[in-house]
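Input: a single structure, listed below in structure tokens.
Small disclaimer: the values here were computed from a predicted structure and weren't measured.
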Amino acid sequence: MLMLAGIVVLHITTIILLLVAAIHNAWWVNDSSTLSTDLWGRWELTNSAWHYTNLKNYPEDYLQAVQATSVLACIFAILALFVFVAQLFTLPKGQRFTFTGILQLIACLCIMIAASIYTAELHTNETEGGYGQSYVLAWISFVLTFILAITYLILRKKS
């Protein structure tokens with residue numbers, strides 16, 4: 001029972017990290033902390049005020065792919081939590097958690113695609129700045145979703 005509680009806590013933590021990574025404006029920041037970019041916009045600090053601008057200088061196809069896969073990762077992770085709870089109380093041992101593990105693998109794949117495209121295609125010509133906290137959270141979420149997916153598939157085999 002304690003193991004299942006730990007899995008639920010890890011799953012909720014992963015969902016929170018995924019949501020923060022998708023929403024927070026720190027995927028790309030510059031060294032002087034006057035520029036911050038996320039998946040949805042760019043903020044520049046001028047005259048002690050943050051100003052929003054669109055991401056019009058980025059390749060639109062790649063940007064939309066990163067946005068879509070980030071949102072899908074959040075959706076699949078949340079759905080996997082609900083399916084986990086439902087399977088816990090409805091399915092007999094040996095059949096549990098297969099679908100939950102598959103949903104977690106899909107969420108893991110989605111966040112990996114988003115972070116990989118962001119790495120390979122966006123900010124390739126910028127010399128100032130670097131990847132921010134949200135970018136790191138996305139990769140940490142990738143690792144946690146992968147660990148959860150493997151854990152669900154291993155728990156499926158326990159009788």
Side-chain angles (χ1 to χ4, degrees), residues 1-31 33 35-43 55 58-59 61-124 126 129-159:
M1 190 66 170
L2 188 60
M3 183 173 70
L4 289 177
I7 290 172
V8 169
V9 168
L10 183 61
H11 200 133
I12 291 171
T13 303
T14 303
I15 291 170
I16 291 169
L17 291 177
L18 278 170
L19 289 171
V20 168
I23 296 169
H24 191 250
N25 62 341
W27 277 70
W28 183 267
V29 293
N30 69 354
D31 299 332
S33 298
L35 173 79
S36 183
T37 305
D38 67 0
L39 304 178
W40 316 103
R42 183 180 193 112
W43 286 264
L55 298 172
Y58 298 161
D61 294 338
Y62 294 122
L63 183 61
Q64 287 178 354
V66 172
Q67 291 169 343
T69 52
S70 294
V71 170
L72 283 173
C74 295
I75 291 170
F76 282 121
I78 293 168
L79 185 61
L81 180 62
F82 287 119
V83 169
F84 168 72
V85 172
Q87 287 181 339
L88 187 61
F89 296 111
T90 59
L91 293 178
K93 289 184 178 183
Q95 296 178 352
R96 293 181 184 163
F97 313 132
T98 304
F99 190 55
T100 304
I102 290 169
L103 287 174
Q104 278 297 106
L105 280 174
I106 294 171
C108 177
L109 180 66
C110 286
I111 199 63
M112 183 193 65
I113 290 170
S116 297
I117 292 173
Y118 195 88
T119 303
E121 299 297 334
L122 304 176
H123 305 289
T124 55
E126 293 188 37
Y131 297 108
Q133 304 93 332
S134 296
Y135 177 81
V136 173
L137 284 179
W139 281 112
I140 291 171
S141 299
F142 162 73
V143 172
L144 291 177
T145 55
F146 185 72
I147 290 170
L148 277 170
I150 298 302
T151 302
Y152 286 133
L153 294 176
I154 290 172
L155 283 177
R156 172 189 65 87
K157 294 182 180 183
K158 290 192 174 188
S159 56

Gap between atom NE2 of His11 and atom CG of Leu148 - 0.5 Å precision: 6.0 Å
Run the side-chain contact (heavy atoms from CB on, under 4.5 Å) check on Phe97 and Leu88 step by step: do they pass? CA-CA 8 Å; Phe97 313 132; Leu88 187 61; 3.7 Å; yes
Name the orientation class of the two ring planes belonging to Tyr135 and Tyr131 (parallel below 30°, tilted from 30 to 60°, perpendicular beyond 60°). parallel
To check you understand the geometry: which heavy-atom pair defines the closest contact between Ala77 and Leu18, and what is its length? CB-CD1, 3.7 Å
In short, Trp139 meets Ser116 closest at the heavy-atom pair CH2-OG, 3.7 Å
Contact check, side chains of Asp38 and Trp43, non-hydrogen atoms, under 4.5 Å: yes
Could you give me the CA-CA distance, side-chain angles and deciding distance for Ile7 and Met3, then say whether side-chain contact (heavy atoms from CB on, under 4.5 Å) is met? CA-CA 6 Å; Ile7 290 172; Met3 183 173 70; 4.2 Å; yes
Closest approach of Leu63 and Leu39, non-hydrogen atoms and distance? CD1-O, 3.8 Å
Nearest heavy-atom approach of Phe142 to Thr145 is O-OG1, 2.9 Å
Leu105 and Leu153: side-chain contact (heavy atoms from CB on, under 4.5 Å), yes or no, with the steps? CA-CA 10 Å; Leu105 280 174; Leu153 294 176; 4.0 Å; yes
Tell me every residue that passes side chain to side chain donor-acceptor pair (under 3.5 Å) with Tyr58, counting only those two or more places apart in sequence or in another chain. Arg42, His123, Glu126
Identify the residue among Leu103, Ile15, Thr100 that makes a side-chain contact (heavy atoms from CB on, under 4.5 Å) with Leu81. Ile15
Distance col, row Ile140:CD1 vs Gln133:CD, nearest 0.5 angstrom, shows 11.0 Å
When rounded to the nearest 0.5 angstrom, what distance separates OG1 in Thr151 from CZ in Phe146? 10.0 Å
Can you tell me how far the CD atom of Gln104 sits from the CG atom of Leu109, to the nearest 0.5 Å? 12.5 Å
Nearest-0.5 Å distance that lies between atom OG1 in Thr14 and atom CG in Leu17: 6.5 Å
Minimum heavy-atom distance Ala114-Ser70, with the two atoms named: CB-OG, 3.4 Å
Show every side-chain hydrogen bond (donor to acceptor under 3.5 Å, both in side chains) that has at least one partner inside residues 17-27, sequence neighbours left out. His24-Ser134
What is the distance from atom CG of Leu137 to atom CG of Leu144, rounded to the nearest 0.5 Å? 10.0 Å
Restricting to non-hydrogen atoms, name the atom on Leu4 and the atom on Phe84 that form the minimum distance, rounded to 0.1 Å. CD2-CZ, 3.9 Å
